[in-house]
Every structure is written in structure tokens, then in C-alpha cells.
2 protein chains.
Amino acid sequence: MRLLVVEDDPRIGEDVRTVLTAAGYAVDLVTEGRDAWFRGDTEDYDLVVLDLGLPNMDGISVLKQWRAAGRHMPVLILTARGSWAERVEGIDAGADDYLPKPFQFEELLARVRALIRRSVGHGAATIEIGELTIDTRTMRVAQNGLPLNVTPLEYRLVSYLAHHRGRVVSTTELQDHVYGDDFSRDANALEAMVARLRKKLGAEAITTRRGFGYMMGA
Amino acid sequence: MRLLVVEDDPRIGEDVRTVLTAAGYAVDLVTEGRDAWFRGDTEDYDLVVLDLGLPNMDGISVLKQWRAAGRHMPVLILTARGSWAERVEGIDAGADDYLPKPFQFEELLARVRALIRRSVGHGAATIEIGELTIDTRTMRVAQNGLPLNVTPLEYRLVSYLAHHRGRVVSTTELQDHVYGDDFSRDANALEAMVARLRKKLGAEAITTRRGFGYMMGA
DNA sequence: GCTTCGCTGACAATTCGCTGACGGCCGTCG
DNA sequence: CGACGGCCGTCAGCGAATTGTCAGCGAAGC
């Protein structure tokens with residue numbers, strides 16, 4: 001899962017990134033409204049955390065333009081506590097939820113999880129594919145009920161494939177969502193990870209579409 | 001045990017949180033109805049203390065929606081003294097007990113304990129994991145019946161892990177619950193505490209899942 | 001058959017978490 | 001008032017798990 005965090009205060013932004021990264025998401029962080037708009041318009045994100053007070057182009061406008069351009073990713077806006085008008089404006093502009101600042105990171109996490117779950121359409125916190133169970137709340141993967149020891153990056157990979165079960169996911173898309181902005185990896189790194197995963201989950205859990213990408217589920 | 005306190009008066013809310021925290025519970029406090037509903041809907045609480053007069057979405061509606069969504073955690077509602085109608089309405093909506101305001105904190109504590117005990121089923125105020133016993137009433141930890149000398153912060157840590165046995169608790173979540181809003185600590189502080197705890201409880205009492213967090217129990 | 005793409009085992013680099021030591025803070029006791 | 005001891009945060013070095021890189025191999029597609 002790949003997230004865009006838009007927050008002009010660098011300290012808060014970094015903290016949020018850290019928390020979300022720890023929770024298993026690939027996080028891109030930008031601090032200016034224009035950059036935010038551009039990123040959201042040109043890249044594919046599973047969710048956006050959007051602060052409203054931004055230099056250069058304010059959050060509400062950014063959000064409105066995304067929606068006007070037909071971008072439907074869930075957006076969670078951060079508002080000043082008690083600023084009722086901001087919230088209403090945000091919801092009207094197309095936000096899916098709001099979180100008053102200051103907030104507990106745990107609450108941020110809960111909302112992010114809930115929004116992603118809702119947007120993907122799985123009501124439950126677990127995804128089942130064949131004999132595999134992916135619990136997004138505890139970040140665990142189990143096979144026939146037996147927990148598997150999956151590393152953080154491996155989890156990101158299965159989790160993304162599982163959320164998009166039944167569809168072929170290209171390697172570039174996968175890289176984006178597993179690594180975020182971090183371009184430095186060799187293309188082979190993904191393949192190596194897939195290999196390691198197959199050793200744990202069973203070879204047939206992930207199928208390869210040569211020239212296209214990977215897929216989970218029928 | 002993790003509790004949600006919903007109370008719009010910040011002074012009362014803080015007092016209640018303080019009392020319950022001192023009693024060894026991990027307490028989340030929210031002041032608005034919508035936030036309360038969201039939290040109760042997305043997070044796991046062992047009990048909710050719910051004030052009825054709330055901004056944004058009233059307590060009865062919150063409670064009804066939780067029950068309609070199949071959430072069964074015990075709910076203790078706070079009502080105005082003598083407001084018979086409110087009580088009836090609350091119980092009808094699915095509350096498990098009520099406490100008329102103003103109340104003594106001792107009474108609140110007693111009812112909270114009673115409700116939690118009832119909901120756990122067997123009146124045991126202790127959690128047992130392997131050879132460890134965590135007594136939530138006295139905030140003591142014992143191993144094979146022998147009391148261990150556990151410091152306050154250490155107790156919060158084991159207690160939180162014990163209450164969430166069987167699931168991996170991320171370090172950020174753990175930090176939230178051990179330190180509250182206090183961001184200033186080095187990440188290493190937790191690790192040091194875990195190390196000290198393991199020396200007391202035995203190394204296998206707390207397992208590490210690298211990259212994810214810590215866990216107690218199977 | 002040849003080329004390209006992807007797989008895999010081995011190895012290296014890096015990151016993460018553990019631990020012993022130290023020191024600051026604070027409450028208690030002589 | 002000063003010394004002592006408990007609690008807990010910080011530091012630095014170590015070891016191990018995770019992840020990236022490389023090289024060779026096999027299979028698919030033309």
C-alpha cells in the first residue's frame with residue numbers, strides 16, 4: 001500500500017511517515033501544495049493524508065482539483081481541533097474522513113486502516129485467499145491457520161497483491177507500492193523477494209504472468 | 001485492559017482518565033460523538049465509559065450504532081442524577097450498566113472492574129500466561145506464585161502486552177500506551193525496558209517479531 | 001536455436017534490536 | 001544536608017535477521 005502524506009511542518013511530517021512506515025505502508029512525503037497536487041495527479045496512491053494549511057496552494061484546492069480530475073483515492077484531512085468550518089469544507093470538497101490535530105498516532109493508524117479497508121471493499125480486516133489468511137490489523141500471514149514468519153517487506157508485497165487479488169500487478173506498480181520513492185533498488189530485488197515468499201507460502205500462492213507481472217488468487 | 005472514555009467535559013474526562021490509568025488501564029479519551037463512534041467501531045476496547053450528552057452525535061446514537069454493527073464490548077453510561085428516562089433509553093440501546101453523575105471515582109472503578117470481570121466470564125482479575133500471573137487489581141506480576149519486583153513502567157508494558165496476548169504489538173502502539181503523549185523518548189528506551197523485563201520474567205516471556213513489534217503468549 | 005525474462009542460491013551490506021554500562025533525577029534515610 | 005539507592009533514559013558496540021546484489025540457470029516465446 002502506498003500513501004502520500006502532505007504536511008508542511010517537517011517534524012510532524014516525519015513523525016507521521018515513521019508511524020505509517022512502521023505500520024507497513026510505503027510513504028511519500030511532500031510539504032507544498034503544488035507538489036502535493038502534482039503527485040496525487042500523476043501517481044497512484046492508495047490513500048492521501050492531507051494537511052489543510054499549506055504553502056503555495058491550500059489543501060482544499062488541491063483536493064478539489066483532484067476530485068475534479070476524477071481521482072478517487074481516499075483522502076484523510078488533518079484539521080485544527082475544533083475548527084468545524086474546515087471540516088465541513090473538507091468533506092464538501094471530497095474528503096473521506098478528517099482527523100483533528102493534535103492526534104494520537106494510533107488514531108491516525110486506525111483511520112487509515114479503516115479507509116483503506118473501505119476503499120478496497122473488504123469489510124473485514126482479514127483477506128482470505130485459498131489456504132492463506134492475511135490479517136491487516138496484526139500484519140500477519142497464516143496458512144491453514146498456522147502463522148507464517150513473514151518479514152516486513154515481504155508482508156508489504158503479499159498485502160498489496162492480496163488487496164488486488166485476481167488482477168495482474170505489474171512489477172513497476174509493485175515496486176512503487178513496496179518501496180515508495182526509493183528508486184535505488186535493482187529490479188531483481190523484487191524477484192528475489194517473490195522467490196523467498198514462494199518458499200514460505202508455497203510456489204502456487206503467487207503466479208507469474210511473464211511480461212506483465214504477478215498475481216494472487218484465481 | 002484498554003478502555004475508551006467518552007466525555008465532552010475536558011476536566012471530568014481528564015480526571016476519569018487519570019483515575020483509570022492509575023488503576024492500570026490503558027485509557028483513550030475522546031470528546032466528540034463522531035470520534036467515539038469511529039473509535040469504538042475500528043478499535044478493540046474492553047470497556048467503554050460513555051457520557052450521553054455529546055457534541056456532534058449523541059451517546060445513545062453512538063451506542064445503538066455500535067450494537068447494530070455487532071460490537072459487544074461492555075458499555076457503562078454516565079447519566080444525570082435522577083434522569084430516569086435517560087437510563088431506560090440507555091439500557092434499551094444496549095448499555096450494560098449506568099452511573100449517575102456526579103459520582104465518586106471509587107464507585108466508577110468498582111463498576112468498571114465488575115463489568116470487565118463479568119465480560120471476561122470468570123471473575124478472575126488476573127491474567128495467566130505460561131508461568132506468569134498478572135494481577136490487574138494489585139498491579140503485581142508473579143512467576144509460579146512468586147511475586148516479581150516490577151517497576152511501574154515495566155508493569156504498564158507487560159500488562160499491555162498481556163492484555164493483547166497472541167497479537168503482535170507494534171513499538172509505536174506500545175510507546176503510546178506506555179508513555180502516552182510523551183514523544184520525547186528515544187526508541188531505545190523501550191528496548192532497554194524490554195531487556196530489563198526479560199531479565200526478570202525470563203527471556204521467552206516476550207517474543208520479538210523483527211520489524212513488527214513484540215508479543216506475549218502463543 | 002537464440003534471446004529475453006524470470007528464478008534461485010550464495011554472498012554482502014545494511015538495518016534492527018539487544019545488552020551492559022553509565023549517569024541523571026528524585027525520594028528516602030541517616 | 002548529603003549520601004544512597006531505585007528507576008529509567010541514553011550511549012555505544014555487538015550479533016543476527018533482513019534485504020540487496022550478483023551470477024548462473026532454466027523456461028518461454030519467437
Side-chain angles (χ1 to χ4, degrees), chain A residues 17-19 21-24 26 139-141 147-161 168-175 177-216, chain B residues 139-141 147-161 168-175 177-216:
Chain A
R17 162 189 259 163
T18 306
V19 167
T21 304
M139 303 198 291
R140 283 177 118 181
V141 179
L148 294 173
N149 187 25
V150 176
T151 69
L153 274 190
E154 287 170 358
Y155 174 79
R156 279 202 214 175
L157 210 162
V158 240
S159 154
Y160 190 78
L161 288 176
V168 179
V169 179
S170 76
T171 43
T172 51
E173 181 183 348
L174 211 44
Q175 271 183 322
H177 285 266
V178 171
Y179 295 122
D181 273 346
D182 219 337
F183 288 2
S184 60
R185 269 83 174 181
D186 191 304
N188 194 288
L190 252 200
E191 294 167 8
M193 239 168 53
V194 170
R196 283 192 273 256
L197 261 173
R198 290 212 249 243
K199 224 180 286 177
K200 294 180 184 178
L201 314 182
E204 63 296 337
I206 302 171
T207 57
T208 305
R209 277 289 146 73
R210 200 182 163 86
F212 295 100
Y214 298 98
M215 190 175 85
M216 277 184 85
Chain B
M139 304 203 286
R140 290 245 167 79
V141 180
L148 291 174
N149 186 24
V150 176
T151 68
L153 273 190
E154 286 170 359
Y155 175 77
R156 279 207 216 172
L157 210 163
V158 239
S159 152
Y160 192 77
L161 288 177
V168 179
V169 180
S170 77
T171 43
T172 50
E173 182 182 346
L174 212 45
Q175 273 182 321
H177 281 268
V178 172
Y179 296 124
D181 286 340
D182 217 337
F183 294 90
S184 60
R185 264 78 172 186
D186 192 304
N188 196 287
L190 253 199
E191 294 167 9
M193 233 163 61
V194 170
R196 283 192 272 259
L197 262 172
R198 289 212 249 241
K199 226 179 284 178
K200 295 179 184 177
L201 313 182
E204 63 295 338
I206 302 171
T207 56
T208 303
R209 279 203 60 209
R210 199 184 165 87
F212 295 102
Y214 297 99
M215 189 175 86
M216 277 184 85

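Throughout, protein chains are lettered first and strands after them, A, B, ... in sequence-line order, and every chain is numbered starting at 1.
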Checklist entry - Do Met139(A) and Val168(B) come within less than 4.5 Å of each other through their side chains, counting heavy atoms only? => result no

When rounded to whole Å, the OH to C1' distance for the pair Tyr155(A) and dA17(D) reads 20 Å

From the candidates dT18(D), dT21(D), dG9(D), the one with an atom nearest any side-chain atom of Asn149(A) is dT18(D)

The reported gap from CG in Leu148(B) to NZ in Lys200(B) (rounded to nearest 0.5 angstrom) is 8.5 Å

* Asked: Heavy atoms, side chains only, cut-off 4.5 Å: are Asn149(B) and Val141(B) in contact?
  -> no

Taken to the nearest whole Å, CG/Leu153(B) to P/dG6(D) is 17 Å

Note: Glu154(B) and Leu197(B) closest approach over all heavy atoms is O-CD1, 3.8 Å

### Task
Compare side-chain N and O positions of Tyr179(B) against OP1 and OP2 of dG9(D) and report whether any pair is under 4.0 Å apart.
yes

The bend of the helix from dG1(C)-dC30(D) to dG30(C)-dC1(D), taken between the axes of its five terminal pairs at each end and rounded to 10°, is 20°

Ala189(A) meets the side chain to side chain contact (heavy atoms under 4.5 Å, CB included) criterion, sequence neighbours left out, with Tyr179(A), Arg185(A)

With sugar-phosphate taken as primed atoms, P, OP1 and OP2 and all else as base, the protein-contact string of nucleotides 8-20 of chain C at under 4.0 Å (heavy atoms; B, S, -) is BS-----BBSBBS

field: Phosphate-side-chain proximity, Thr151(B) and dC8(D), N/O vs OP1/OP2 below 4.0 Å
entry: yes

note: Asp186(B), atom CG; dG9(D), atom C1'; distance rounded to Å ~ 8 Å

Requested in this report: Side-chain contact test, heavy atoms from C-beta onward, threshold under 4.5 Å: evaluate it for Pro152(A) versus Phe212(B) and give yes or no.
Outcome: yes

Heavy-atom neighbours of Arg198(A) CZ exceed 12 at 6.0 Å: yes

Between CD of Glu154(A) and C1' of dG20(D) the distance, given in whole Å, is 13 Å

State, yes or no, whether a side-chain contact exists between Thr208(A) and Tyr214(A) at a heavy-atom distance under 4.5 Å. yes

